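Whatever order the structure lists them in is the order used to number ligands and atoms, beginning at 1. Because only heavy atoms are used, hydrogens play no part in the values below, and waters and symmetry mates are left out as well, while side chains stay in. Being a predicted model, the structure only gives us computed values, none of them experimental.
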Amino acid sequence: MSDCCGRSGTVRPPDDVESGDGDDECFVPLSPVLLDPSGVPALECRATGTGVGEDLTPLRGMKQQVVVKTIGQVMRVKWEANGNYSSDVQGQADGGRQLVKKRRPVTVDTSKAKTSLEGLKISIKQLKWKEIPTGRRAPCDIYWHGGSFHDNENITSGQVNKFPGMLEMSRKINLSRAVRIMQELFPVEYDFYPRSWILPDEYQQFSAQIRTVKECDGALSPTFIVKPDGGCQGEGIYLIRDPAELRPAPAGAQTRQVVVQEYVRKPLLIDKLKFDIRLYVLLKSLEPLEIYIAKEGLTRFCTEPYEEPSQKNLSHVFMHLTNYSLNVHSENFVHSESQSTGSKRTLSSVLRRLADKGADVKRVWSDIIALVIKTVVAVVPQLKVYYQADIPPGKPGPSCFQILGFDILLMKNLKPVLLEVNANPSMRIEHEQEVSPGVYECVPSPVDEEVKVAVIRDTLRLVDPRLKRAPFSQRKLSGTEDSPGDPPLTNHPDAMPSPCLKQVYPKYSRQFNYLRLVERIAALFVRFLGVKGNMRLGPTAFRTFIRNCKLSSSNFTMASVDILYIDITRRWSGALPDSREAGMGLQAFVEAFFYLAARRFKSQTAREQAVSLLDACEAQLETPPQAPEERRSLSCGRAPSRGVALKPGIRFRHPPPRRASSREGRGSETRSRDADD
Ligand code: ADP
């Protein structure tokens, strides 16, 4: 812009101002920056409100207003407390001196993206957003972590692509426990997860089960798959048919704990090969619960024709394990440019093939959606505990979202079975290829790129901070196939391919809301945690819970309450020397809650008991019913699951003594993995 003396100048916020996470407009002059002969920009700065430096750098955490004056023109730039800024022009612009209003690009800190980096870079470029590759002093809109929430510390605004505690919850033992709680309450709904035992704690129950099966039918010889807790990429996995075949943990193993699971003997085969599905799921928010599923995923094929397990083929990993990381070493592995052949194919190509053979693919897809929603519902209560500990309500903090990798097996009858949930699904878009004997090179993988870039890009589009500020009416799509609640992906300023992520929750909340029972128990738990940042209930807090909910009586004195607390906490905490870990965690609290419910409402089913006790506690505490959406605070959160539809005939089986994993506590997210694959 030229001033009245013929000089040109511009008002340009310094680089780090651009990274605010809120309002998104800045003014860009049509003419380039021109300094006066002395090299001083032709503008004058003065600050109003809380102080500001001449260099226009906003002070983080302070509300301030800067009036930037060019000769003949005043531009007011306002920085908000969180680094956002907005601006307007005051005074008369001279003829021809126009300002172009340009959207400030969304900034993405990619400094911790690790192996997602390539796919992330492509996505950012496609969206015309701004990559901040080395991290920066001022806040970014989005932080993309390759490991866990804690990859970058002290983030106080914006969004992080990991939830605190997700890495923990995706460990095999924690996932099994979370699903098991749901199986106690909803056995029919949660029959998509194979029966599992956590060893060594549940060795007795496991061997008793095998004995019972064999006594009933001597010809039966069930097979089990043994998976080390925290393992990935098929590492350390083996099949057994007898408890005597269990192997001791290898020297130097992180943990002795394993999950033993019923082996699915009759998987669906294609080309005589076993395969599994890698489905990408976006958990966009916990409160309100928002889940998206990618319409496109990957299928990973074994490389040896499948046979039902027998003593002679138990050790054939290329026949029984579908992991890419294992099968890629088989001489039968086929790298293919095509999406519908080879050892890694797109999910849509497999579904098309099934449809051609007459399979009810719509049914398969809706079963998969149900499996995903139910699994997320199972882990959300514990995630909320982690969340409030790391991002206490009322304190500045980022919000979170996360892409999860669901590994799903289809049985011969097309019923989906959940194998595991990966908190860090591989987002690599290249693979290693042996170019000459013993020499490996990273080469692009078209199938991976096609699927994964779309997932990353659509995730970014869904968490675009500018969408939050759009009026709700503008968020709705008209004349598209998206549901009314979907954000306006296809109306995005930058026209993009149609979105691959489909909202499934809250879209299907009416069918699944009744399952969110444990979330209500978790809300009680969090309410009594007291100190911010806590994840475990002390004995006094547990007493307060009992007292405030009026759960003690002459039959159940406070002394009995103390004994209950000590008994359950000791069994759950095992030998944890770390004092930070002392106390009653959520899963132990749920066990105590079920016990109290069974005592008080003897004649009811387990689910009815839990609902009755929840209603009683909430009535005593008079929690005002509020829409969870209205709160960022999770401390008094209550899932909207009142009026739960009860099905009679379900008995709560008291869980066997268990020991909490030493990783259950916070701050233990040390392990990062990258496991498609
Ligand atoms: P990892 O995290 O090490 O990949 P998974 O639980 O995904 O462990 O198991 C590895 C592979 O073993 C799966 O991809 C699947 O092919 C096979 N598998 C796992 N659990 C079962 C099961 N219960 N029944 C049949 N096959 C299974």
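Between Tyr386 and Phe149, the ring center distance fails the sub-6.0 Å criterion. Taking the ring centroids of Phe333 and Tyr324, they lie under the 6.0 Å cut-off.
Counting atoms of ligand 1 from 1 in the listed order, those under 4.0 Å from a heavy atom of Val264 are 22 (C), 24 (N), 25 (C). Each of the following atoms of ligand 1 lies closer than 4.0 Å to a heavy atom of Asp276: 14 (O). Distances below 4.0 Å separate heavy atoms of Gly231 from the following atoms of ligand 1: 2 (O). Numbered from 1 in the order shown, with element, the atoms of ligand 1 that lie under 4.0 Å from a heavy atom of His320 read 16 (O), 17 (C). Residue Lys172 approaches ligand 1 through these ligand atoms, each under 4.0 Å from one of its heavy atoms: 1 (P), 2 (O), 3 (O), 6 (O), 8 (O). Ligand 1 places these atoms under 4.0 Å from at least one heavy atom of Glu262: 22 (C), 23 (N).
Geometrically, ligand 1 and Gly234 share a nitrogen or oxygen pair separated by less than 3.5 Å. Between Leu409 and ligand 1, no N or O atom pair is found at a separation short of 3.5 Å. In terms of N/O distances under 3.5 Å, ligand 1 is approached by Glu420.
Looking only at side-chain heavy atoms (C-beta outward), Leu269 and Pro267 come within less than 4.5 Å of each other.
Proximity of Lys227 to ligand 1, defined as any heavy-atom pair under 4.0 Å, is confined to the side chain (atoms from C-beta onward). Only the backbone of Gln233 comes within 4.0 Å of ligand 1, counting heavy atoms alone; no side-chain atom from C-beta on gets that close. Heavy atoms of Ile237 found under 4.0 angstrom from ligand 1 belong exclusively to the side chain.
With 3.5 Å as the limit, one finds a donor-acceptor pair spanning the side chains of Thr303 and Ser330. Using a 3.5 Å distance cut-off with no hydrogens or angles, the side chains of Lys114 and Asn424 do not pair a donor with an acceptor.
Here the straight-line distance linking atom CG of Leu239 with atom CZ of Arg265 works out to 12.5 Å at 0.5 Å rounding.
The aromatic rings of Tyr387 and Phe163 sit tilted, their planes meeting at an angle between 30° and 60°.
The existence of a salt bridge linking Glu420 and Lys227 is excluded, since no basic side-chain nitrogen approaches an acidic carboxylate oxygen closer than 4.0 Å.
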